[in-house]
Each structure stands twice: as structure tokens, then as C-alpha cells.
Amino acid sequence: MQYYSTRDRSQIADEKEAIFRGPAPDGGLYVPETLPKFSYADFLDAPYPALAAAVLAQFFPAFDYDALSFWTQAAYGDFRTPGVVGFCDLGECTVAELFHGPTAAFKDFALQMLPRLMSASAEGRRVRILTATSGDTGKAALAGFQDVENTDIFVFYPAGGVSPMQMRQMATQQGKNVHVYAVRGNFDDAQRTVKEIFADEGIRRRGEEAGIAFSSANSINIGRLVPQIVYYIYSYLELVRRGTIEMGEKVDVAVPTGNFGNILAAMYAKEMSLPIGDFICASNRNNVLTDFIRTGVYDANRPFYKTTSPSMDILVASNIERYLHRILGRDYKIRERIDALKEAGKYSVPIDAIRRSKLVGYWSGDAEAEARIREVFERDGYLMDPHTAVAYDGMKKHGAARHVLVMATASPYKFPDTVARALGIDEDDERAQLEKIEALSGVPIPAPLAAVFDLPLRFEDTIDVEEMRTVVQEGFYD
Ligand SMILES: *Cc1c(COP(=O)(O)O)cnc(C)c1O
């Protein structure tokens, strides 16, 4: 299948090259030339890995089907819940739990798959993965790429900008090919610098001389986006299996959104024929997307807030570029808008195009999210993490016309401080917080999170943004 850059239709690559590269050479993002229709109803009884192989085969026909089936089985076979996705019915909505993978965040769905695709696409070339993370991507990427042949990985997270649990998860990562740095700056600083490194001719050439190509494990990589389509189809079919909806009936989705990858995967699923009504884009106080969706003006000139849902503390959402490509059509001046964003921090699009796409936006403050955690726990006995609580709050603000799938992106135990406070647990020590939440809720602590307290901290370096360029060139002059 052909992929082309959002910024220039003549920049073409096949799936292997698109996955291997991450961003396109012109800085745009690869998009598929068509979104294949998918006969989702035929997969009502398919186990998750089988469905995943069928969806991936539509986008990545260059890989053989047996290989895809083998990889999806390996990627999803040992998730901690039998159906891979967990479900909890709360009446007007069903929570789809995407956090039963090895790092307890939904990023595992993409990042248990991407390294296998990357390694098969590299065809013997060495690849160095650079990743800026607001918390969960880093750990999930480290876990996915750990000791994968011909790869190494550099992860950069904002110092003080991730939860202590997220920090501990990254700092204890095992593996010979992994590097983790805290960066003095926020997520956008780290993400921008990674993008600059990708675009830096000198660094790229020196890498080439050393036999190393750079690539990305951020959701700008098409190999990360496609595996995320699968859980929307699977969750939809689960609602049919449970008798919550009839086959063909529409549902809305509520998605806690940062870089816009997760919700974009839902939009792709809809274009592939899955009956989705509205896309509820839920943000925290960094509400740039809410304003964009309501006014058509994307304006990143605003204060950056650290919130209790740190994986959504983002002002420049990368995948909006792919969304613009869907709603504005092929060559509709995406490059101009991205340039305007770089230079003036803002651009605008016709509001009608956004309305037609059925995207709606809401945002929630920390106190509102915390109140939702408490309310849902007290009423339904169900425990949400702060990101999921933002989505739940967005669903409530939208007012449900249809059944809603609320996408739960992290285990509540990844953010024990906020969850403990919401439940009225007065405790500062993180490990004790976990234990007290478990005692109160009866929800078991995910084994990989319990384990981090006993592992040694391997990575404790904090660097300046400027130093990122230096560290990624490690080994170039050996
Ligand atoms: C990454 C992440 C998000 C945001 O997802 P995007 O695809 O970047 O929009 C939301 N919640 C959690 C817990 C995350 O890790």
C-alpha cells in the first residue's frame, strides 16, 4: 500500500519505508492513500489477535499474513485480561479498559506491535528510536523495544512533568539498548526538539555514516496508529456480544486526548465503516483542542499547565495534522498551517469542516476529574484513573444521545496520588497509597506496577533541552 506525506502528495513510501522512517522526510506525517472498508460484522467472534491481524493486513499487505498473525499473538497474547481489552458496563456508557498490557497504559496496544513491524521493515538496517514522552509512551516504548535486535531507543521526558510512578517505571527499565533522560522543559519542548533532530540534515548524515537511521515511536509513526484502530472495532463488537447494542447501531466514543492519536484511530475506524456517531475529544486544562474544535482556531499561545492527567499536558498535538488531512482534503494547504503554527503559534480552519467530522470537544479541570473518580467509585464501585475521569466528564458534558464507549487509557494505580486523594485516603508514600487503594477498592494492583518498587533505578540523569542533540549521537564517532 502507498503512504504519502500530509504536506506533499508526491512524497510517497510503501508501508515498510513509512514505518521505518516515522515522519516523512519533509516533516509531514504518512497517511494511507485510502482507508480500506472493513467488514467488521464478520469478526463478531474473533479473538483479539485474529482481529488485529485482519486489520493490520488491510494497511500493511507487504507483510505476510502468517507473520502478522504470529506477531499479534505475541504482542497481545499475555495481556492481563482474557479478552485483552477489559469492559465495565456503567449504564449509559461502557468503559473499555485499554490498560491490561505490560506497562498498564493503552500505549501498549501500539508499542507491543510497532517494534515487530519496525524490525521487519528495517531489513537489516540499524535504527535508533527517539521518543519524547509525557509519561506513558516512554515506558511502553522502552518495554516494546527492549533488546529488539538492530534497534536502540532514547526516551526523553519532562523533568518533574510525569507522575512518580511513571518516572519509576522508566528509570527501572531493563535492557541493553535503552536510554532514558529527564529534560529541563515541558513535553512540548522535548517533542519539538525530537522533531528538529529528525529534520537536522547534519545529524542524519552523521547517523548514516555510522550506519544508524533515526525513527520514531511517537504516534506520528503510522505503525503505531494502525494497531489502535483494532480496539475500537473489538470494543464495538463486544457491545454487540453483550447485547448492549444491535449490530449496525451507532455508538459515541469518549477519548482522553493529548497528541490526538487515539481519537484519530477511532475516526479511521469510522471511515472503515464502523458505526460511530460523535467523537468526544476530552481534554484537561490544557484545552487547546477544545477551543480549536469550537472555533476552528488552533492557538497554542497560552499558558502550559501541569495537571493530574499529565499524559494529556500537550499544546501541540501532532496527529491533528492527519486530522486536517482527513477534513480538508489532500493538498489543502496543510504545510502553510503547520508553518503558521511554528511561526505565530496559530492557524485556523473552516469550522464547518470540523462540524461535519462529528468531533466535539470538552475540557475538565483537575477538581472535576477528581470528583468524577469519587462519584463513580461511590455509586458504581468502579475505579477510574484521572485521564479516564476526564473522558467520563466529557461524556457527561456532551449528554448521551447514544451509548458511549469511554476509553480508559491507564490503570488507576499509575496515578495513585490523585486516586488516593479522590477516595479520601490520607497517605503520602506512593507504595502505601497503592496498598490502601487496593484494600479499599478490591481492584488488584497490576503486577508490573507493584514490581517497580523492588527494581534498582538505572537512569537518573537530567539534561538541558540543548543536550538532547548531543546524546542522540552516541556512538557516531566510535
Ligand atoms: C498517551 C495518553 C493519552 C493521550 O493519548 P493520545 O493518543 O496522545 O491522544 C491519554 N491518556 C493516557 C493515560 C495516555 O498515556
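Atoms within a ligand are numbered from 1 in the order they appear, just like the ligands themselves. All values reported here derive from a predicted model rather than from experimental measurement. The figures that follow rest on heavy atoms only: side chains count, while hydrogens, waters and symmetry mates do not.
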- Query: Of the protein's non-hydrogen atoms, which lies at the shortest distance from atom 1 (C) of ligand 1, and what is that distance?
  - Reply: K107 NZ, 1.4 Å

- Sequence neighbours excluded, the answer for side chain to side chain contact (heavy atoms under 4.5 Å, CB included) partners of N287 is T290, D291, R302, W363

- May I have the step-by-step check of ring pair (Phe, Tyr, Trp, His ring centres under 6.0 Å) for F43 and F38, ending in yes or no? CA-CA 10 Å; F43 291 83; F38 189 77; 4.9 Å; yes

- Message: My understanding is that we take every heavy atom of each candidate and find the minimum distance to atom 7 (O) of ligand 1. Doing that for D385, N262, N259, which one comes out nearest?
- Response: N262

- Is it the side chain (CB and beyond), the backbone, both or neither of F106 that lies under 4.0 Å from ligand 1, heavy atoms counted? side chain

- Query: Going by atom types alone, do Y382 and D89 pair a side-chain donor with an acceptor below 3.5 Å?
  - Reply: no

- Message: To check your reading of the model: name the closest protein heavy atom to atom 12 (C) of ligand 1, its residue, and the distance in Å.
- Response: T409 OG1, 3.3 Å

- Message: With a 4.0 Å cut-off on heavy atoms, is A105 in contact with ligand 1?
- Response: no

- Can you tell me the protein heavy atom closest to atom 4 (C) of ligand 1 and the distance? G258 N, 3.5 Å

- Message: Checking a contact table here: which protein heavy atom is nearest atom 10 (C) of ligand 1, and how many Å away?
- Response: P256 O, 3.4 Å

- Query: Are a donor atom and an acceptor atom from the side chains of N221 and R224 found within less than 3.5 Å of each other?
  - Reply: no

- Item | Main-chain N/O of G22 paired with S216 side-chain donor or acceptor, under 3.5 Å | no

